[in-house]
Amino acid sequence: MARILITSAIPYINGIKHLGNLVGSQLPADLYARYMRARGHEVMFICATDEHGTPAELAAAKAGKPVAEYCAEMWQVQKDLSDGFRLSFDHFGRSSSPQNRKLTQHFAGKLAENGLIEEVTEKQVYSNADGRFLPDRYIEGTCPNCGYDKARGDQCENCTKQLDPTDLIEPRSAISGSTDLEVRETKHLYLRQSLLKDKLDEWIDSKTDWPILTTSIARKWLHDGDGLRDRGITRDLDWGVPVKKGDQDWPGMEGKVFYVWFDAPIEYIAATKEWADAHGQPDADWQRWWRTDKGADDVRYVQFMGKDNVPFHTLSFPATIMGSGEPWKLVDYIKSFNYLNYDGGQFSTSQGRGVFMDKALSILPADYWRWWLLSHAPENSDSEFTWENFQTSVNKDLADVLGNFLSRITKFCRSKFGEAVPDGGSYATEEQGLIDRLTSGLRTYEEHMEAMEIRKAATELRALWAAGNEYLQAAAPWTVFKTDPDRAAAITRLSLNLIRFYAVISRPFIPDASAAMMAAMRTGDDSWPEDVAKALAALPPGHAFTVPEVTFRKITDEEREDWQARFAGQRSAA
RNA sequence: GGGCCUGUAGCUCAAUGGUUAGAGCAGAGCGCUCAUAACGCUUUGGUUGGGGGUUCGAGUCCCUCCGGGCCUACCA
């Protein structure tokens, strides 16, 4: 039995996430966690909300609430949606937790002790009207290059030119519109990750089995220009982890907080302590996952994230861990994803374009979404959600291939033998052929799941479902029954056992349907089919079952058209 | 501008440099009647974006052009 630590990139607190966010980290992480648990491994699956930073402050202000209150509410919203999608986190934490505050300050202290923190005085734009420093992108003005009047302080979206806020003509605050801006000096801490460049470079080079997407992004940052640059890890904000050196004050840094991307990954660790604390367990229980001197040596740590998060997980966070000089667990494998687009464009929160997690659950059960998203996960390139594809995939795969199989065999059995696994007859070459087919397919499925080849795993799983229909069609118990009822009983007995087999192996993808299948077969035996022949004998003759209700109803054309219109969003007039 | 990814059947995607480039969906035909108008079998469909090169052999490697996408360090 292995021990596997799994973290999903932590979603930002600001608003409800869309399906692209879901499939980019949390959902595949859940698939992997569920699979590994099913195989008998010890799993710690951690996620949390990322709560600090300017957007959270602004969203809270817009909602007319104190930021702490806003975050607490949004955490609950996101938690409920995670539950709705059956994300099986062992703990869903908060980056604003006291545990993370303490741990973040601890890391900063260690980094400072080791000479990896530099204090830098720099000039930033301050808005008097807003009473705050403004991040570059919160400053708008006219682009000196192309004249576009909504250019941002970091880049002009119209001509794509990189800008400095001071380049803008007639700059104004994007928050209030105020032009009462000034440049002020302010002091910040920088993580001297450039000092760790060679070590990081070597470390990345050693990860030859990582997705190209992951390593190429890391290498780009390591080798671009003068190499890895130091990074500011503090901000002039109210909402965040106060800057401290361990438990000591940090002279000159009063009133400042750590930058979200410094404290967010540390929350992976802190959330595990939150988990232990919530269960009244001692520190040793979370440390055995994270401290290589306290049992984490044999832990395999896998991270899941969208490609936008890769630099922080391949460079900044490892730099934090390496730089601490303490024996914290480094990531072993990073599975990264491209983006999911929506019907010819991007998901857009501001335009309400695309399907968001709350709306998705309001129209269909989680399994529908899980199946489509995972079987179309953007592993090699960006992929696209269309309602037509969603409808045909779900109807065909779930309703026709899997759902109808359950239906046809249970109803056949009820009409000929009653609602119990029939006795009599024996297995012949057809059954052995099916068992061989299922065994080889299952081994392939396992290999894809181990390798986190998600779409390939989904394809193989579907093929295993289809194999049941092929078998049933060829064996034709409804015909055989007329001349040899015992033989028909044997075919039916095997087919009913297939339902439990499918429930067990499909559970990581469609947990609710699997549970319904197990309930219908009145069994709690969810042991993984190491030996397929044995697994297909789990339900013995005489074992009673219930003919299930329609497990997956089909999506109608009317529904598809309705949803297509509802989620198209407001096309921008421009 | 720079870097990376990507382009394969109408659609979504496979194919350690090695038989005749394969699946699913959609289309066509046949079969079955247990079932959610479901299932099974057969089948049509390709100048692998264009061009050049390396090789006994290229979807795969190299060069070049074209298209799509992402990243580019103060959104997170």
Side-chain angles (χ1 to χ4, degrees), chain A residues 9-14 21 50-56 58 122 124-125 133-139 152-155 160-162 164-165 188 193 211-213 215-217 219-221 223-225 228-232 235 259-261 264 306-312 315-316 338-339 341 346 375-376 378-384 386 388-389 391-393 395-416 453 455-456 458-460 462-463 466 468-479 481 488 491-492 495 549-554:
Chain A
I10 66 178
Y12 197 63
I13 192 70
N14 179 13
N21 299 130
D50 178 13
E51 303 192 358
H52 297 135
T54 307
L58 297 180
E122 56 191 13
Q124 299 227 332
V125 174
F133 282 95
L134 296 176
D136 290 357
R137 75 161 40 200
Y138 285 97
I139 303 161
R152 292 190 323 215
D154 55 345
Q155 186 177 33
T160 73
K161 186 177 172 58
Q162 306 265 337
D164 190 87
H188 282 298
Q193 51 188 18
I212 291 173
L213 184 64
T215 51
S216 65
I217 291 172
R219 289 207 173 89
K220 164 67 174 170
W221 282 52
H223 300 296
D224 190 41
L228 187 61
R229 294 177 226 168
D230 293 339
R231 194 175 183 97
R235 292 291 183 271
Y259 176 44
V260 276
W261 266 114
K307 58 186 167 187
D308 50 334
N309 281 342
V310 169
F312 304 101
L315 304 168
S316 305
N338 285 284
Y339 292 146
N341 290 316
Q346 295 190 337
S375 62
H376 293 79
E379 290 175 296
N380 295 325
S381 59
D382 292 353
S383 65
E384 178 166 326
T386 64
E388 287 84 359
N389 188 305
Q391 182 193 23
T392 56
S393 294
N395 284 356
K396 198 72 198 168
D397 299 347
L398 297 183
D400 294 346
V401 176
L402 178 61
N404 185 53
F405 177 82
L406 318 179
S407 190
R408 65 192 297 204
I409 189 59
T410 50
K411 286 179 181 170
F412 174 78
C413 184
R414 178 171 62 185
S415 72
K416 302 296 191 239
E453 293 271 13
R455 279 179 309 182
K456 288 179 181 173
T459 299
E460 192 59 43
R462 195 202 118 103
N469 282 311
E470 290 164 24
Y471 163 74
L472 207 54
Q473 201 65 32
W478 45 90
T479 303
F481 183 79
I491 295 167
T492 304
S495 299
E549 297 298 315
V550 169
T551 311
F552 297 102
R553 71 166 186 86
K554 293 201 189 191

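Every chain is numbered from 1 and lettered A, B, ... according to where its sequence line falls, protein lines coming before strand lines. All values derive from a computational prediction rather than experimental measurement.
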### Task
Determine the interplanar angle of the A:F481 and A:F412 rings, folded into 0 to 90°, and report it as parallel if under 30°, tilted if 30 to 60°, perpendicular if over 60°.
perpendicular

### Query
Partners of A:E388 by side-chain contact (heavy atoms from CB on, under 4.5 Å), sequence neighbours excluded?
A:T386, A:R560, A:Q564

### Distance-only donor-acceptor test (3.5 Å): side chain A:D50, base B:A76
no

### Message
From C-beta outward on A:P55, which listed nucleotide comes closest to its side chain: B:A76, B:A35, B:G69?
### Response
B:A76

### Query
Considering only B:U36, B:G69, B:C34, which nucleotide approaches the side chain of A:Q473 most closely?
B:C34

### Task
Kindly state whether the pair A:F412 / B:C34 counts as stacked, where counting means centroids closer than 5.5 Å and planes tilted less than 30° apart.
no

### Task
Go ahead and name the base partner of B:U36; Watson-Crick or wobble counts if both distances stay under 3.5 Å, otherwise write none.
none

### Task
Establish whether the base of B:C11 is bridged to the side chain of A:E388 by a donor-acceptor pair shorter than 3.5 Å.
no

### Task
Check if the side chain of A:R229 and the base of B:A73 share a donor-acceptor pair of N or O atoms closer than 3.5 Å.
yes

### Strand partner of B:C25, provided both Watson-Crick or wobble distances fall under 3.5 Å
B:G10

### Query
Does any nucleotide pair with B:G1 by Watson-Crick or G-U wobble geometry, both distances under 3.5 Å, and what is it?
B:U72

## Note on the structure
A:N338 meets the side-chain contact (heavy atoms from CB on, under 4.5 Å) criterion, sequence neighbours left out, with A:L213, A:K307, A:P378, A:D382

### Message
Say we look at B:C13 and B:C39: how far apart would their C1' atoms be, to the nearest angstrom?
### Response
24 Å

### Query
Side chain of A:T479: nearest nucleotide among B:U33, B:C13, B:U36?
B:U33

### Task
Taking atom C1' in both B:U16 and B:A28, compute the distance separating them and give it to the nearest angstrom.
37 Å

### Query
Given the C1' atoms of B:C71 and B:G17, what is the spacing between them in whole Å?
31 Å

Polar atoms only, N or O, under 3.5 Å: list the protein pairs with nucleotides 3-10 of chain B and their distances.
unit_1, atom_1, unit_2, atom_2, d
B:C4, O2', A:S216, OG, 3.2
B:C5, O2', A:N380, O, 3.3

